[in-house]
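Notes follow the structure.
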Amino acid sequence: MASERPLPPTQLRGAESGREFSHPGGRCHPGSGLLQISNQHNAGASTLEPTFFKMTEVDVNLDQVIPTTIIPTYWAKLLVAFVSFVCFAHSYDGDFVFDDSEAIVNNKDLRAETPLGDLWQHDFWGSKLSSNTSHKSYRPLTVLTFRINYYLSGGFHPVSFHMVNILLHCSISVLMVDVFSILFGGLQYTSKGRRLNLAPKSSLLAALFFAVHPVHTECVAGIVGRADLLGALFFLLSFLGYCQAFRESNKEGTQFSTFWVLLSILFSAVAMLCKEQGITVLGFNAVFDALVISKLNILEIVQKVQHKDKSLENIGWLKNGGLLFRLTLLFSGGATILYMRWRIMGTGPPAFTEVDNPASFAESMFVRAINYNYYYSMNAWLLLCPWWLCFDWSMGCIPLIKSVSDWRIIALAALWFCLIGLICQALCSEDSHKRRILTLGLGFLIIPFLPASNLFFRVGFVIAERVIYLPSVGYCMLLTYGFGILSKHTKKKKLIAATVVGILLINMVRCITRCSQWRNEDLLFRSALSVCPLNAKVHYNVGKNLADKGDQIAAIRYYREAVRLNPKYVHAMNNLGNILKERNELQEAEELLSLAVQIQPDFAAAWMNLGIVQNSMRRFGEAEQSYWTAIKYRRKYPDCYYNLGRLNSFSSLKMPCILCGTCDHLIHR
């Protein structure tokens with residue numbers, strides 16, 4: 001059997017070797033890595049016998065970095081909750097910004113007059129899933145929480161929406177203490193079924209790194225980020241539920257509860273109904289089961305496959321301990337959930353445009369592969385150095401790499417150099433504890449990211465900070481382990497401790513400043529100008545805000561820049577044409593609107609605005625044709641019907657405008 005031989009635990013039950021520590025009532029011996037706990041030797045014993053257990057190696061290494069005694073778990077969780085709240089509390093009174101307008105303010109599914117049943121037939125934005133224009137983002141449980149927010153707060157008051165997001169992140173950060181204690185220390189239970197925290201210091205430090213990471217600002221400060229928060233919450237509950245299935249394991253064999261395994265699968269379904277990433281927890285649970293519960297040695301299995309070892313022909317090593325049965329349950333549950341999701345989507349995958357994800361439209365497979373990998377390296381960089389954050393990374397923000405002579409190829413090489421190095425250590429290290437930590441860290445980094453990787457289907461974005469909310473768990477785990485290794489091999493313990501504290505403080509400050517930028521659209525959009533100056537959407541949104549405030553001259557400048565950066569940006573052309581029409585620059589307005597409908601023939605708003613411009617130029621026949629074309633593409637268009645009616649009235653009677661007495665003024669949006 002391809003597995004590691006576990007050391008027999010003393011008075012403990014669990015899926016991890018008994019060479020690690022801890023118990024809330026224990027007494028730590030500084031510097032030794034030992035914890036003394038008292039256990040009854042047997043049921044009839046009248047005396048307590050002290051038993052010593054070794055701390056995990058990473059915790060021993062962190063003794064000088066975190067020079068404190070063992071912090072009780074509840075105090076560690078309170079600390080993590082407090083720090084995470086401080087980081088993001090500044091966003092509590094922000095406005096509805098960016099996508100919040102479409103997903104919340106303009107979403108009819110939040111209103112009481114919309115039947116609750118419609119939530120299960122509509123996408124995240126309130127459109128019917130059967131519509132060809134739907135993004136197929138099916139997140140009914142997230143929309144349901146928005147609806148409850150709307151009902152309890154008595155309308156669209158953003159404070160209540162923001163507070164829910166902040167509390168969700170705090171709750172997730174608290175859960176991370178338990179999750180990291182399992183990832184670092186494995187599963188170990190007392191005879192009474194209480195799980196031991198085998199890595200209190202490393203789990204606390206990793207949870208703090210997670211709680212204060214600035215890349216989470218989009219999920220917390222942006223209300224639509226609740227989908228990622230809820231998905232992460234049920235992802236973690238699914239994982240913890242899966243771990244709970246092994247509470248009754250003992251040295252005689254791996255016993256498990258089928259109920260908890262099935263409940264874990266149910267939580268994964270709930271997670272996916274909040275955000276599509278949630279389904280990936282089943283894959284991570286399978287990896288955790290194989291490495292921690294069943295203690296499979298992947299390198300040993302690979303070597304046996306290479307040497308055609310006959311022991312692999314007998315699948316008894318998979319059946320031993322129920323691994324094959326549990327993997328079958330996970331696979332069957334995942335397949336059922338995905339099938340139901342596919343049936344609900346109805347008309348197939350969503351249709352995205354080239355500006356959403358330009359690399360996926362590249363004709364060359366080489367160009368696509370190179371750019372996908374560059375996107376991965378950019379996501380990794382955001383985890384390492386979350387200083388350049390942007391609400392949107394599309395529309396030319398990251399130009400395509402089309403040649404190997406592009407210097408950005410260095411980023412790809414650096415990414416894969418690090419990944420290959422970590423993978424080799426995860427597979428080939430003689431230290432089983434090191435192999436497990438690196439493999440689980442890489443698993444948490446990669447598996448939740450797979451739906452956003454473009455490997456299985458095209459996604460509608462280039463980079464999205466929200467999709468690395470869960471993968472950041474793996475990064476924080478690897479970072480904590482790295483500091484433990486550094487502490488072990490250097491004498492400058494205080495320098496490492498200062499570095500850790502510095503990272504935490506810098507990230508906290510960055511979270512607070514980034515939350516300030518998310519408080520309103522003007523600050524948010526302007527903050528992106530320095531990060532993504534080539535992003536046409538950034539200039540468009542800044543211009544739109546200026547136009548709404550009445551600053552037409554500044555708005556024109558940003559709209560022109562948006563069109564320059566993206567000559568096919570029809571929405572920028574439409575808005576710029578409107579402003580030019582109001583300034584009586586009719587010739588250029590007509591050129592822009594004509595180009596917009598040429599690029600996108602079904603752009604109803606541009607057709608109507610083109611008709612308005614043509615009417616102002618007294619070309620009534622062309623104006624009427626433009627109005628009818630707009631109505632052709634949007635049947636329910638009252639503004640266009642109104643303008644068409646006034647056009648027929650004034651053009652036939654040749655009467656001046658009743659508003660100003662001279663022009664053919666028409667009311668329009």
Open item on the list: Checking Phe96 against Phe156 for the side-chain contact (heavy atoms from CB on, under 4.5 Å) test, could you report, in this order, the C-alpha distance in whole Å, the side-chain angles of both residues, the deciding distance, and whether it holds?
Closed with: CA-CA 9 Å; Phe96 292 112; Phe156 292 112; 3.8 Å; yes
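- Residue pairs satisfying the disulfide (SG to SG under 2.5 Å) criterion with at least one member in residues 114-150, sequence neighbours excluded, are absent.
- Judged as a disulfide (SG to SG under 2.5 Å), the pairs with a partner in residues 526-563 (not counting sequence neighbours) are, in order, Cys397-Cys532.
- Identified under the salt bridge (Lys or Arg N to Asp or Glu O under 4.0 Å) test for residues 356-370, with sequence neighbours left out: none.
- Of the candidates Val597, Val563, Ile599, Leu595, Ile599 is the only one forming a side chain to side chain contact (heavy atoms under 4.5 Å, CB included) with Val570.
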With a cut-off of 3.5 Å and sequence neighbours excluded, list every side-chain donor-acceptor pair involving residues 211-225.
residue : atom : partner : partner atom : Å
His213  : ND1  : Val215  : N            : 3.2
His213  : NE2  : Leu383  : O            : 2.9
His216  : ND1  : Phe210  : O            : 3.1
His216  : NE2  : Ser472  : OG           : 2.9
Thr217  : OG1  : Pro214  : O            : 2.6
Glu218  : OE2  : Arg466  : NH1          : 3.0

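- Around CD of Gln600, the count of heavy atoms belonging to other residues, nucleotides or ligands within 6.0 Å exceeds 12.
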Open item on the list: For a side-chain contact (heavy atoms from CB on, under 4.5 Å) check, start with the C-alpha distance between Met617 and Gln587, then their side-chain angles and the critical distance, and finish with the verdict.
Closed with: CA-CA 9 Å; Met617 300 174 74; Gln587 187 64 39; 3.9 Å; yes
Open item on the list: Applying salt bridge (charged side-chain N to carboxylate O under 4.0 Å, His left out) to Asp522 and Arg526, what does each step give before you reach the verdict?
Closed with: CA-CA 6 Å; Asp522 185 55; Arg526 288 185 179 276; 3.1 Å; yes
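- Within a 6.0 Å sphere centred on CH2 of Trp381, heavy atoms belonging to other residues, nucleotides or ligands number 12 at most.
- In this structure a side-chain-to-backbone donor-acceptor pair under 3.5 Å is missing from Asn609 to Asn578.
- In this structure, CG in Asp551 is found 9.5 Å from OH in Tyr558, a value given to the nearest 0.5 Å.
- With sequence neighbours excluded, the residues satisfying side chain to side chain contact (heavy atoms under 4.5 Å, CB included) with Tyr376 are Tyr372, Asn373, Leu415, Phe449, Ser453, Leu455.
- Side-chain contact, Arg514 with Ser527: a donor N or O sits under 3.5 Å from an acceptor N or O.
- Under the side chain to side chain contact (heavy atoms under 4.5 Å, CB included) criterion, Ser403 pairs with Ser405, sequence neighbours left out.
- Taking the six-membered ring where the residue is Trp, Phe525 and Phe391 present tilted rings, their angle falling between 30° and 60°.
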Determine all donor-acceptor pairs shorter than 3.5 Å in which one atom belongs to a side chain in residues 266-275; sequence neighbours excluded.
residue : atom : partner : partner atom : Å
Ser268  : OG   : Ile265  : O            : 2.5
Lys275  : NZ   : Asp228  : OD1          : 3.4
Lys275  : NZ   : Asp228  : OD2          : 2.5

- [ ] For Val467 and Phe461, run side-chain contact (heavy atoms from CB on, under 4.5 Å): C-alpha distance rounded to whole Å, both residues' side-chain angles, the deciding distance at 0.1 Å, then the answer.
- [x] CA-CA 10 Å; Val467 303; Phe461 52 85; 3.9 Å; yes
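- Using cut-offs of 30° and 60° on the angle between ring planes, the pair Phe161 and Phe146 is tilted.
- For residues 536-545, the pairs satisfying salt bridge (Lys or Arg N to Asp or Glu O under 4.0 Å) are Asp392-Lys537, Lys544-Asp548, with sequence neighbours left out.
- Without hydrogens or angle criteria, Tyr641 side chain to Ile631 main chain gives no donor-acceptor distance under 3.5 Å.
- No side-chain N or O of Thr142 forms a donor-acceptor pair with one of Arg226 less than 3.5 Å apart.
- Taken to the nearest 0.5 Å, the CH2 atom of Trp393 stands 15.0 Å off from the CG atom of Asn357.
- Between the Ser616 side chain and the Ile612 main chain, a donor and an acceptor come within less than 3.5 Å of each other.
- In terms of heavy atoms, Ile166 sits closest to Ala89 at CD1-CA, 4.0 Å.
- Under the salt bridge (Lys or Arg N to Asp or Glu O under 4.0 Å) criterion, no residue pair touches residues 105-123, with sequence neighbours excluded.
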Task: Worked check of side-chain contact (heavy atoms from CB on, under 4.5 Å) between Leu129 and His122 - done: CA-CA 5 Å; Leu129 283 167; His122 294 172; 5.9 Å; no
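- The salt bridge (Lys or Arg N to Asp or Glu O under 4.0 Å) analysis of residues 585-605, with sequence neighbours excluded, yields the pairs Arg560-Glu588, Arg583-Glu585, Glu590-Arg619.
- Between Pro448 and Phe235, the closest heavy-atom pair is CG-CZ, 4.2 Å.
- Counting all heavy atoms, side chain and backbone alike, Pro399 lies closest to Asn371 at O-OD1, 4.3 Å.
- Distance check: Thr513 OG1 to Gln517 CD gives 6.0 Å after rounding to the nearest 0.5 Å.
- Side-chain atoms of Asp406 never come within 3.5 Å of backbone atoms of Lys402 as a donor-acceptor pair (strictly under, hydrogens ignored).
- With values rounded to the nearest 0.5 angstrom, Tyr637 atom OH is found 10.0 Å from Tyr627 atom OH.
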TODO: Quick one: do Lys568 and Glu354 satisfy salt bridge (charged side-chain N to carboxylate O under 4.0 Å, His left out)? Show the steps, please.
DONE: CA-CA 10 Å; Lys568 296 183 179 180; Glu354 185 175 352; 5.5 Å; no
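- Counting heavy atoms of neighbouring residues, nucleotides and ligands inside a 6.0 Å radius, atom CZ of Phe361 exceeds 12 of them.
- Note on residues 85-151: no pairs pass disulfide (SG to SG under 2.5 Å), not counting sequence neighbours.
- Looking only at distances, a side-chain donor or acceptor of Ser516 sits under 3.5 Å from a matching main-chain atom of Ile512.
- For the residue pair Ser626 / Gln614, a side-chain donor-acceptor distance below 3.5 Å is found, with atom types taken as modelled.
- The backbone N or O of Phe234 lies less than 3.5 Å from no partner atom in the side chain of Ser238, so there is not a single donor-acceptor pair.
- Contact annotation: the side chain of Met608 approaches that of Asp639 to within less than 4.5 Å [non-hydrogen atoms, C-beta and beyond].
- In this structure a side-chain-to-backbone donor-acceptor pair under 3.5 Å is missing from Arg519 to Asp95.
- Side-chain N or O atoms of Glu521 include one that pairs as donor or acceptor with a backbone N or O of Phe98 at under 3.5 Å.
- With sequence neighbours left out, Arg564 forms a salt bridge (Lys or Arg N to Asp or Glu O under 4.0 Å) with Glu561.
- Using cut-offs of 30° and 60° on the angle between ring planes, the pair Tyr569 and Tyr540 is tilted.
- Tyr559 and His571 form no side-chain donor-acceptor contact under 3.5 Å, judged by distance and modelled atom types alone.
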